[in-house]
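The residues of the chain are indexed from 1 along the displayed sequence. Start at 1 and go down the list; that is how both ligands and their atoms are numbered.
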Amino acid sequence: MRRKNVLITGGAGFIGSHLCEKLLFCGYRVICMDNLLTGRLLNIKHFAKNKNFIFIKHNVCEHITLKQEINYILHFASPASPADYLNYPIQTLKVGSLGTHNALGLARQKKAVFLLASTSEVYGDPLVHPQPESYWGNVNPIGPRGVYDEAKRFAEAITLAYHRVHKIDTKIVRIFNTYGPRMRKNDGRAIPNFISQALSNKDITVFGRGSQTRSFCYIDDLTDGIVKLMLSGVNEPVNLGNPAEFTVLELAKKIIALTATKSKVVFKPLPQDDPKVRCPDITKARKILRWQPSVSLSEGLMKTITYFKES
Ligand code: UDP
């Protein structure tokens, strides 16, 4: 059977590179597109020589022209760490709007299935807990996180408009906090920060009192769910994440224990609009995709700590 072609925008990023690897393994031909703003060639070097893999350096905010047949477009291009989207607010807004528009235009031209990487940030600082897909969210549009939250909310809106008007076969995954190898040590998120601080015996910087909660999904669980969604008939958003919920202080203590570090926790000011709670309701994914995560936080952290030690 002929290999199907998948375009992954943001393919050199943390999640994008794991998707490239998984889809190559599943027998697809992968076209990885990235402008390397926050993505890295280091993430894709393991399969760069695979004859079924192509890397194209391109900013998806510019028109995308591809000669190849494209069967699937997985649109993952965007800064995704709060520190990154604070550094690149305009690029974040542009990739979520103009970039998504271009990627959808390409999906229309190529008659490709289109999968949008959305986020739990569409729920903002949620007033409903845990968050089901039916919750509309509580987002401050003009706050520092608004550049990412609103870009992704716009991206969801235009994706479903293309589905309704142009009959594109769309999928939307709302990704909750995900971690694993290939995160940048300095990407600013809690897990890479805490692990690199612990491994160098520096203070572990907990923001606020550390009572805010997050639910952390290991990357391999997430990519399994994304491939299931890509092959499913579901056009509307689906949450993917691990519903095991921890406070940030619990996370810090777990990393201290797993690394046997001498580091101590220090408390720093809580960033503006930092969500107080976050936990996915994954009833829909369980039912429709028959998906649920299987990697525990301790197990996933150990694999991530090993990666950080070796890189
Ligand atoms: N956080 C922290 N210390 C850090 C980095 C993050 O306490 O050095 C907190 C952050 O305030 C948030 C949580 O950890 O409450 C998760 O932050 P992250 O940047 O990983 O992602 P978010 O879930 O906020 O998008």
Walk me through whether V238 and R174 qualify under side-chain contact (heavy atoms from CB on, under 4.5 Å). CA-CA 6 Å; V238 177; R174 289 188 180 151; over 6 Å; no
Does the ring-ring contact (aromatic ring centres under 6.0 Å, His included) test come out yes or no for Y179 and Y218, once each step is laid out? CA-CA 5 Å; Y179 69 99; Y218 188 65; 5.6 Å; yes
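With hydrogens left out, the protein atom closest to atom 13 (C) of ligand 1 is V248 CG2, 3.6 Å, a heavy atom. Looking from atom 5 (C) of ligand 1 to the surrounding protein, the closest heavy atom is F207 CE1, 3.5 Å. Taking atom 10 (C) of ligand 1 as the reference point, the nearest protein heavy-atom neighbour is D274 OD2, 3.3 Å. Of the protein's heavy atoms, R214 NE, 3.7 Å lies nearest to atom 16 (C) of ligand 1.
No heavy atom of A252 sits closer than 4.0 Å to any atom of ligand 1. The shortest heavy-atom distance from Q197 to ligand 1 is not under 4.0 Å.
Contacts between K268 and ligand 1, counted as non-hydrogen atom pairs separated by less than 4.0 Å, are absent for every part of the residue. Within the 4.0 Å heavy-atom criterion, the part of P82 lying near ligand 1 is the side chain and not the backbone. Heavy atoms of R189 found under 4.0 angstrom from ligand 1 belong to the backbone as well as the side chain. Looking at T205 against ligand 1, both its backbone and its side chain come within 4.0 Å, counting heavy atoms. Counting heavy atoms closer than 4.0 Å to ligand 1, residue R145 contributes side-chain atoms (C-beta onward) but none from N, CA, C or O. Only the side chain of N177 comes within 4.0 Å of ligand 1, counting heavy atoms alone; its backbone N, CA, C and O stay farther away.
Salt bridge annotation for D84-R189: absent, with no cationic side-chain nitrogen under 4.0 angstrom from a carboxylate oxygen. Note on D169 versus K171: salt bridge recorded, some NZ/NE/NH1/NH2 to OD/OE distance being below 4.0 Å.
Side-chain atoms of S263 come within 3.5 Å of backbone N or O of K202 as a donor-acceptor pair. Looking only at distances, a side-chain donor or acceptor of T213 sits under 3.5 Å from a matching main-chain atom of R278.
Proximity annotation for atom 14 (O) of ligand 1: of A80, S81, A190, A190 comes nearest, heavy atoms only.
More than 12 heavy atoms of other residues, nucleotides or ligands shown are found within 6.0 angstrom of CZ on R286.
In this structure, Y123 and Y135 have parallel ring planes: the angle between them is below the 30° cut-off, well short of the 60° mark.
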